[in-house]
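Report on one structure; see the data block that follows.
One is the number of the first residue; the rest follow in order along the sequence.
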Amino acid sequence: VQLQASGGGWVQAGGSLRLSCAASGPIFSINGMGWYRQAPGKQRELVASIIGDGSTKYSDSVKGRFTISRDDAKNTVVLEIHSLKPEDTAVYYCKADVRTSFIEPDSQVYWGQGTQVTVSS
């Protein structure tokens, strides 16, 4: 299974970006999907997550500015980012809990390669 993230870039404070992550390979089902970020010198942190029933969770720092959604037909998770701040600058990673086959009851965690988001003040 591979996760391909895209949509990062450079933007001025107050701007918007749309990050997308597509999963490919042997996929039977995907439970949770999410976005994490890691700023220089800091630990990777959860930004937003979404599970199969559409329930979402956001970190306090992004609530009201970020929106996560998923398209199960395309095995894709999207993060809409608005009102960007310089402190949002980080490498953003997508993650998915994937069940690869009908006969395999357990899911495995896969990570995308990361996409850089840079916000200038």
- Message: I'd like to know if D88 and K85 make a salt bridge, using a cut-off of under 4.0 Å between side-chain N and carboxylate O.
- Response: no
- Task: Salt-bridge test for E45 and R37: reply yes if a basic N is under 4.0 Å from a carboxylate O, no otherwise.
- Result: yes
- Message: Between V62 and V91, is there shared hydrophobic-cluster membership here, with clusters defined by ILVMFWY side-chain heavy atoms closer than 4.5 Å?
- Response: no
- Query: Okay, side chain of S83, backbone of G14: is any donor-acceptor separation there less than 3.5 Å?
  - Reply: no
- Task: Could you tell me how the ring of Y36 sits relative to the ring of W111: parallel (under 30°), tilted (30 to 60°) or perpendicular (over 60°)?
- Result: perpendicular
- Message: To the nearest 0.5 Å, what is the distance between NZ on K95 and CG on L46?
- Response: 7.5 Å
- Message: If hydrophobic clusters are built from ILVMFWY residues whose side chains come within less than 4.5 Å, do M33 and I27 share one?
- Response: yes
- With a 4.5 Å limit on heavy-atom distance, are the side chains of L79 and R18 in contact? no
- Item | Heavy-atom donor-acceptor pair, S49 side chain to G34 backbone, under 3.5 Å | no
- More than 12 foreign heavy atoms under 6.0 Å from CD of Q38: is that the case here? yes
- Query: So is R44 actually on top of Y93's ring, under 6.0 Å and inside 45° of the axis?
  - Reply: yes
- Message: Between Q2 (side chain only) and A23 (backbone N and O only), is there a donor and an acceptor less than 3.5 Å apart?
- Response: no
- Heavy atoms of Y58 and A48 approach each other most closely as CD2-CB, 3.5 Å
- Close side-chain approach of D97 to I30, heavy-atom, < 4.5 Å: no
- Do T76 side-chain atoms and K74 backbone N/O form a donor-acceptor pair below 3.5 Å? yes
